[in-house]
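Reminder, nothing fancy here: chain letters follow the sequence lines and each chain counts from 1.
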2 protein chains.
Amino acid sequence: MPDSQPRLIALDWGTSSLRAYLLGADACVLEQRHLPRGLMQLPNAGDGAPGAASFEAAFADACGDWLRDTPQVPVIAAGMVGSAQGWCEAPYVDVPASVDRPGGALTVVRTASGQAVHIVPGLRQRGMLPNVMRGEETQVIGALHACATTLEPRPERWLIGLPGTHSKWVSVHRQTVERFHTFMTGEVYAALRQHTILGRTMQHDAQNDDAAFVRGVRITRGESAAAGMLSTIFSCRTLGLTGALSPRAQADYLSGLLIGHELAGLEAAEPTFARDAGPAARIVLVGDSALCRRYRVALSEYGHACVDFIEHATPIGLWKLACVAGLVHAETRSDAAAVDARPHAIDAKP
Amino acid sequence: MPDSQPRLIALDWGTSSLRAYLLGADACVLEQRHLPRGLMQLPNAGDGAPGAASFEAAFADACGDWLRDTPQVPVIAAGMVGSAQGWCEAPYVDVPASVDRPGGALTVVRTASGQAVHIVPGLRQRGMLPNVMRGEETQVIGALHACATTLEPRPERWLIGLPGTHSKWVSVHRQTVERFHTFMTGEVYAALRQHTILGRTMQHDAQNDDAAFVRGVRITRGESAAAGMLSTIFSCRTLGLTGALSPRAQADYLSGLLIGHELAGLEAAEPTFARDAGPAARIVLVGDSALCRRYRVALSEYGHACVDFIEHATPIGLWKLACVAGLVHAETRSDAAAVDARPHAIDAKP
């Protein structure tokens with residue numbers, strides 16, 4: 001029988017929501033909560049960012065009762081809570097960075113009552129076009145750990161895809177995050193649908209139109225994609241005008257175009273993703289299963305049929321980071337198994 | 001002294017506005033009006049498009065008095081007024097199409113009082129990604145005519161750029177529109193500024209920041225553009241976060257990125273634009289002078305320093321089309337000079 005003693009409070013605190021996990025031994029999830037208390041939902045302190053009191057109040061709502069019951073349990077948090085607009089800024093760690101110890105130290109913020117909250121730093125990539133992440137580094141750590149416990153032999157190179165508002169693709173060699181890429185795919189899709197002429201002729205359909213999605217992806221691999229995304233997206237309208245794309249298919253077609261352009265960009269910029277160029281990486285998708293399924297279909301069009309999938313990587317990532325920081329002690333049996341973060345097969349068929 | 005007898009009423013009737021020109025001999029502009037009576041401003045007939053009564057009322061406001069004074073003067077119109085949502089659909093003409101006689105016939109719609117309005121057809125390009133224009137074909141005709149009267153020897157190949165909400169680039173060989181490209185640059189720029197995270201940190205500055213604009217354009221010519229637009233635009237945010245791009249410079253930087261991606265796409269897709277590939281075309285920009293100036297700067301970064309500019313090409317285009325259709329008679333002296341549509345030099349220096 002598993003030990004049900006709470007060992008760690010793990011917070012995934014982003015822009016739009018706050019997820020709280022009460023973890024027992026072996027990262028076993030004893031209880032979890034989802035609160036609409038992301039940074040954007042917290043009252044503004046007047047300078048454009050929420051004040052400490054707002055964070056304390058949300059924190060108390062998320063896990064005040066857990067801390068009253070077991071006051072000694074340590075607390076760790078990842079995400080935008082550690083940004084300049086967050087509760088306490090946890091300075092970025094530059095890549096290349098070890099996934100086991102991203103920057104070493106966690107940043108500690110204390111509540112008025114003295115409770116320590118350990119904040120995970122984000123990652124930064126310097127260069128002409130710098131790149132940043134906060135929260136995704138924890139998902140990467142969780143995903144690698146979950147996969148490592150099930151895949152034999154352990155791959156040396158990983159490419160972790162985190163689709164979403166701002167999709168990230170993280171290239172890992174052994175235990176080191178070497179570089180990463182960001183694509184604003186989800187946010188651009190929403191802006192195009194809601195605020196351009198392309199959305200006007202779209203009709204909502206509860207059923208996904210996979211054929212239209214694949215049609216969009218394939219455009220991005222063909223000759224007519226040479227003119228780039230600003231040009232290809234206009235075809236949602238012209239195919240509609242000429243009767244070649246029904247209003248119900250237009251949203252999925254646009255989604256296919258954008259995700260396809262993302263993968264075409266990744267192919268051009270990331271050597272471990274390009275076919276027949278450099279060492280291939282094991283691809284793992286992390287996140288919402290419906291969205292990951294779309295990416296799985298698009299990846300298949302780009303010649304990558306073998307893809308793993310992890311839905312909830314953050315709690316296991318926070319557990320691993322708490323172990324490295326000495327806040328909790330790793331157990332002998334598989335952490336990954338305990339939170340059921342093992343990689344799943346997802347059906348890539350449209 | 002020029003003849004001030006009205007010869008033609010020429011309407012440039014688009015989605016957002018209606019411009020009316022009273023033209024005398026030689027396309028001389030006797031009077032002009034700008035009304036906020038584009039298709040989007042007209043009352044809806046219930047099926048998503050304005051009804052004939054709405055078009056008649058706007059038409060009467062625009063030129064009813066001109067027609068009362070000289071009832072025999074013919075009327076010609078170009079733009080979305082000829083679309084399926086317009087007053088009367090003028091079927092598209094497929095490219096390649098002669099610029100002098102795009103499809104030959106104009107479509108005639110009559111008001112309740114029997115006044116004929118001759119509507120210019122738009123152009124369509126068939127293919128896997130079809131393309132359409134309405135109104136721009138008239139600007140192209142006007143621009144070619146204006147340039148032809150001043151440039152000696154007359155170039156054989158032209159590339160006419162019409163920057164805007166949906167930028168068009170039209171490739172003309174002798175008197176034939178061979179093909180064209182559309183880029184949703186202006187509309188995507190507005191959607192990104194107003195409806196994504198990129199706009200949140202931007203501060204408005206009345207002064208253009210040309211250095212930031214050029215910086216954005218140059219990114220699109222460099223190695224870091226390989227990942228594509230969905231990736232490069234995120235640098236507006238990360239350069240801001242790292243203090244390398246001030247809030248006041250971010251809008252111009254984003255504009256440079258998008259216009260640069262448009263030109264990179266054009267370079268990949270249009271043989272007469274690509275450097276060192278195929279026959280070079282004479283480049284002419286048509287439209288708003290401030291926007292054309294930005295494009296002029298970006299074109300210079302792409303190795304095209306020699307660019308002509310025409311601000312008002314539509315009235316001369318409508319005059320030419322009316323001549324071809326026999327509605328008016330061409331005069332001996334230069335039409336172009338009469339409407340001051342001669343190409344101007346625009347300063348490309350940032």
| Using a cut-off of under 4.5 Å for heavy-atom pairs, which of B/A226, B/P130, B/S224, B/S83 has the most such pairs with chain A? | B/P130

| Got B/V188 and A/I233 here, is their nearest side-chain heavy-atom distance under 4.5 Å? | yes

| query | Of the listed residues (A/S235, A/G265, A/S167), which shares the most heavy-atom pairs with chain B below a 4.5 Å separation? | reply | A/G265

| message | For A/L245, which atoms come within 4.5 Å of any heavy atom of chain B: side chain, backbone, both, or neither? | response | neither

| query | Going by heavy atoms in the side chains, are B/E187 and A/L198 under 4.5 Å from each other? | reply | no

| Winner by heavy-atom pair count (cut-off under 4.5 Å) against chain B, out of A/T232, A/L129, A/L230, A/L258 | A/L230

| request: Mind listing the closest non-hydrogen atom pair of B/F234 and A/H166 along with its distance? | output: CE1-ND1, 3.5 Å

| field | Heavy-atom contact with chain B under 4.5 Å, split by part of A/M229 | value | side chain

| task | Select one option (side chain, backbone, both, neither) describing which atoms of B/R215 are under 4.5 Å from chain A's heavy atoms. | result | neither

| field | When B/R124, B/M128, B/H261, B/R237 are compared by non-hydrogen pairs under 4.5 Å with chain A, the top option | value | B/M128

| field | chain A contacts, top residue of B/A227, B/A191, B/A268 (heavy-atom pairs, under 4.5 Å) | value | B/A227

| task | Measure A/R126 against the heavy atoms of chain B and call it side chain, backbone, both or neither at under 4.5 Å. | result | neither

| field | B/E223, CD: over 12 other non-hydrogen atoms inside 6.0 angstrom | value | no

| Side chain, backbone, both or neither of A/L192 within contact of chain B (heavy atoms, under 4.5 Å) | side chain

| message | Below 4.5 Å, heavy-atom pairs only: which of B/T165, B/L241, B/I219 has the largest tally toward chain A? | response | B/I219

| field | Residue pair B/V132 / A/T238: nearest heavy atoms and the distance that separates them | value | CG2-CG2, 3.9 Å

| query | Parallel under 30°, tilted from 30 to 60°, perpendicular over 60°: which one fits the rings of A/H195 and B/H195? | reply | parallel

| Atom group of A/T242 that falls short of 4.5 Å from chain B, counting heavy atoms | side chain

